[in-house]
Amino acid sequence: MTRIEPQPWMTAPETRAVLDALEAAGGPDCARFVGGCVRNTLMGRGADDVDIATVLTPQQVIAALQRAGLRAVPTGVEHGTVTAIADHHPFEITTLRRDVETDGRRAVVAFSTDWAEDAARRDFRLNALYADREGRLHDYAGGGVEDALAGRIVFVGDAETRIREDYLRILRFFRFFAWYGRGEPDAVGLAACAALAKGIDTLSAERISKELLKLLSAPDPRTAVRLMVETGVWTAAVPVEANLARFEAMVSIDPDPELRLSALLPDDPELDASLAENLRMSNAQRDRLVAALPSGPAVNLDMSEPAARAAIYRLGTRTFTDRVKRAWAESPQDSRPAQALLDLAASWNAPRFPLGGADAKAAGVPHGPAVGRLLRQTEDWWVEHDFPEDGARERLEALAREAAA
């Protein structure tokens, strides 16, 4: 295949405006589509982002965009990247590059006008594809078109060399296999990832966690994660034993990457919190991983509806559903009990406790610690009795009389 049919993202007015601006400065074919948008089109998938490669330097790109009345944002000028904004649509434009120096985490680059040189520094052959505005394809690394059509993830050139340039490419190998791979993984690439897995230690925690969550967002990442475990890549990135059985069941239950990660981790709140912090995950992500663990109030698949409503009230809907799904993943044979609890959580709105400090005062509770204590006791009674509309006030008054006596 030597071309792709023009796509809406290729012919949109904002895309034409950006290409026209660049070509006014650098001439015809000075800029081409590159990477994911080309790959996804070949694979019959939608293009989320439109990236452009160009022979123009970042300063020339900025000047060209400004002359055309387009906004230019210098998002990564030192690495050759400028973001163009046309009719509120972003386009990442990157100057052709070659690596001058790499240390496994970052690269020092020099700008180039050689398309083949730019392709040679990219990670996988299916990501090193370029297309001009007419859809003509350029596959300088070789094999990229065939890889995209067959669902093969193959490193550009020598796999170990590509990995040593940036050890994140190990995780990207498994992430791209999860999203785009079909059949058996490339044996040479898999062996290189296994041999160099310890290099993941050199990466920042933020890069590792971001890549893991992207991988776990794939529709079916089970094979990729299993390969990570078998090659030692998983423990290099997350130094705990993975619960593959629970994770593989969870993939069929929920697409949420955080919940899938939770299924992989052990049932140890302190360890999971420490792992989340070491991976520089947000406080909200850390708290969710810990809250999903089976601790009080208990959540189990054979609980009664009143017990389930009490748990929803205490835990909140999301934590309750997370715990139900984890329990379901532990016993995936029969989905009916879990689905009944999930339906209840989706349909039931927890009521608000009807009493407060004024009610305690009216019941004769003296000002001070007794107010909070007796209100909590009354609330516990109210929850235990399945949230009755009447009776809470009488219960508070009875507790107040007992306390006074």
### Task
For the pair Tyr180 and Arg39, evaluate side chain to side chain donor-acceptor pair (under 3.5 Å) and give the outcome as yes or no after the intermediate values.
CA-CA 10 Å; Tyr180 303 108; Arg39 175 199 66 225; 2.8 Å; yes
### Query
Closest approach of Ala400 and Ala363, non-hydrogen atoms and distance?
CB-O, 3.6 Å
### Query
Between the side chains of Thr81 and Thr94, is a donor N or O closer than 3.5 angstrom to an acceptor N or O?
yes
### Query
Between Arg136 and Asp132, is there a side-chain N and carboxylate O pair less than 4.0 Å apart?
yes
### Close side-chain approach of Arg16 to Arg133, heavy-atom, < 4.5 Å
yes
#### Entry: Sub-4.5 Å side-chain heavy-atom contact between Met10 and Ile4
yes
### Query
Does the Arg323 side chain pair with the main chain of Ala291, one donor and one acceptor, at a distance under 3.5 Å?
yes
### Query
How are the rings of His138 and Tyr140 set to each other: parallel, tilted or perpendicular (split at 30° and 60°)?
parallel
### Task
For Arg71, look at atom CZ and say whether over 12 heavy atoms of other residues, nucleotides or ligands are found less than 6.0 Å away.
no
### Task
Establish, yes or no, whether a centroid distance under 6.0 Å links the rings of Tyr313 and Trp382.
yes
### Query
Is there a donor-acceptor contact under 3.5 Å linking the side chains of Glu117 and Ser112?
yes
#### Entry: Short side-chain to backbone donor-acceptor contact, Arg3 and Glu134, under 3.5 Å
yes
### Task
State, with a plain yes or no, whether a side-chain heavy atom of Leu301 is found less than 4.5 Å away from one of Gln339.
no
### Task
Please lay out, stage by stage, how Thr317 and Trp348 fare under the test side chain to side chain donor-acceptor pair (under 3.5 Å).
CA-CA 9 Å; Thr317 301; Trp348 183 68; over 6 Å; no
### Query
Do you know which two heavy atoms are closest between Pro58 and Gly80, and how far apart they sit?
CG-CA, 3.7 Å
### Task
State the CG-CD1 distance between Leu168 and Ile200, to the nearest 0.5 angstrom.
8.5 Å
### Task
Quick one: closest heavy-atom pair of Gly26 and Leu56, and the distance?
CA-CD2, 3.8 Å
### Query
Quick one: does Leu341's side chain get under 4.5 Å of Val324's, heavy atoms only?
yes
### Query
Is any NZ, NE, NH1 or NH2 atom of the basic residue among Arg121 and Asp99 found under 4.0 Å from an Asp or Glu carboxylate oxygen of the other?
yes
### Task
For Thr231 and Met228, indicate whether the former's side chain and the latter's backbone hold a donor-acceptor pair under 3.5 Å.
yes
### Message
For a 4.5 angstrom cut-off between non-hydrogen side-chain atoms, does Met43 reach Leu149?
### Response
no
### Query
Just how far is it from atom CG of Leu374 to atom CZ of Arg395, taken to the nearest 0.5 Å?
10.0 Å
### Message
side-chain contact (heavy atoms from CB on, under 4.5 Å), that's the test. Do Val299 and Phe320 meet it? Break it down for me.
### Response
CA-CA 7 Å; Val299 172; Phe320 176 81; 3.9 Å; yes
### Query
With no hydrogens and no angle check, is any side-chain donor or acceptor of Gln60 less than 3.5 Å from a backbone partner on Thr57?
yes
### Query
Using 4.0 Å as the upper bound for N to carboxylate O, is an ion pair formed by Glu230 and Arg226?
no
### Query
So, for Ala53 and Trp115, which heavy atoms are closest and what is the spacing to 0.1 Å?
O-CH2, 3.5 Å
### Message
If the threshold is 4.0 Å, N to carboxylate O, is there a salt bridge linking Glu165 and Arg169?
### Response
yes
### Message
Quick check against the 3.5 Å criterion: does Asp334 have a side-chain atom that pairs as donor or acceptor with the backbone of Arg336?
### Response
yes
### Message
Would you compute the distance between atom CD1 of Ile52 and atom SG of Cys37 and round it to the nearest 0.5 angstrom?
### Response
8.0 Å
### Task
Nearest 0.5 Å please: distance from the CG atom of Asp147 over to the CZ atom of Phe155.
12.0 Å
### Query
Would you call Asp322-Arg288 a salt bridge at under 4.0 Å N-O?
yes
### Task
Evaluate the salt bridge (Lys or Arg N to Asp or Glu O under 4.0 Å) criterion for residues Asp359 and Arg393: first the C-alpha distance (whole Å), next the side-chain angles of each, then the deciding distance (0.1 Å), finally the verdict.
CA-CA 8 Å; Asp359 301 290; Arg393 189 177 304 278; 2.7 Å; yes
### Task
Using a 4.5 Å cut-off on heavy atoms from C-beta on, say whether the side chain of Leu190 contacts that of Phe177.
no
### Task
Please answer whether the main-chain N or O of Asp254 pairs with a side-chain N or O of Arg260 as donor and acceptor at a distance below 3.5 Å.
yes
### Message
Show, in sequence, the C-alpha distance, side-chain angles and deciding distance for Arg97 and Asp114, and conclude whether the salt bridge (Lys or Arg N to Asp or Glu O under 4.0 Å) test is met.
### Response
CA-CA 8 Å; Arg97 300 170 291 181; Asp114 187 332; over 6 Å; no
### Task
Measure the OG1-CD distance between Thr15 and Gln7 for me, rounded to the nearest 0.5 Å.
11.5 Å
#### Entry: Donor-acceptor pair between Thr83 and Thr75 side chains, under 3.5 angstrom
yes
### Query
Hey, is Arg125 close enough to Glu146 for a salt bridge, meaning N to O under 4.0 Å?
no
### Task
I would like to know whether Leu265 and Asn243 meet side-chain contact (heavy atoms from CB on, under 4.5 Å); could you show each step before the answer?
CA-CA 6 Å; Leu265 300 181; Asn243 189 325; over 6 Å; no
### Task
Would you sort out whether Gln285 and Leu213 count as a side-chain contact (heavy atoms from CB on, under 4.5 Å), showing the intermediate values?
CA-CA 11 Å; Gln285 290 172 321; Leu213 291 174; 3.6 Å; yes
### Query
Would Tyr130 and Asp118 satisfy side chain to side chain donor-acceptor pair (under 3.5 Å), going step by step from the backbone distance to the final call?
CA-CA 11 Å; Tyr130 306 79; Asp118 186 74; 2.6 Å; yes
### Query
Is there a side-chain contact between Asp123 and Arg162, using heavy atoms and a 4.5 Å cut-off?
no
### Query
Can a donor-acceptor pair be found between the side chains of Ser262 and Arg326 at a distance below 3.5 Å?
yes
#### Entry: Ion pair check, Glu277 and Arg286, cut-off under 4.0 Å
yes
### Message
So does Glu206 get a backbone contact from the side chain of Ser209, meaning a donor-acceptor N/O pair under 3.5 Å?
### Response
yes
### Query
Does any non-hydrogen side-chain atom of Phe247 lie less than 4.5 Å from one of Leu216?
yes
### Task
Say whether, by atom type as modelled, one donor and one acceptor occur between the side chain of Trp234 and the main chain of Val240 under 3.5 angstrom.
yes
### Steps toward side-chain contact (heavy atoms from CB on, under 4.5 Å) verdict (Val73, Val82)
CA-CA 6 Å; Val73 182; Val82 175; 5.9 Å; no
#### Entry: Any donor-acceptor N/O pair, Ser274 side chain to Glu270 backbone, under 3.5 Å
no
### Task
Evaluate the criterion salt bridge (Lys or Arg N to Asp or Glu O under 4.0 Å) for residue pair Asp166 and Arg207; output intermediate values, then yes/no.
CA-CA 11 Å; Asp166 185 352; Arg207 295 183 80 198; 2.8 Å; yes
### Atom pair CG/OG1 of Asp139 and Thr2 - distance to nearest 0.5 Å
12.0 Å
### Task
Check the pair Thr54 / Arg32 against side chain to side chain donor-acceptor pair (under 3.5 Å), numbers first and verdict last.
CA-CA 6 Å; Thr54 181; Arg32 297 171 182 168; over 6 Å; no
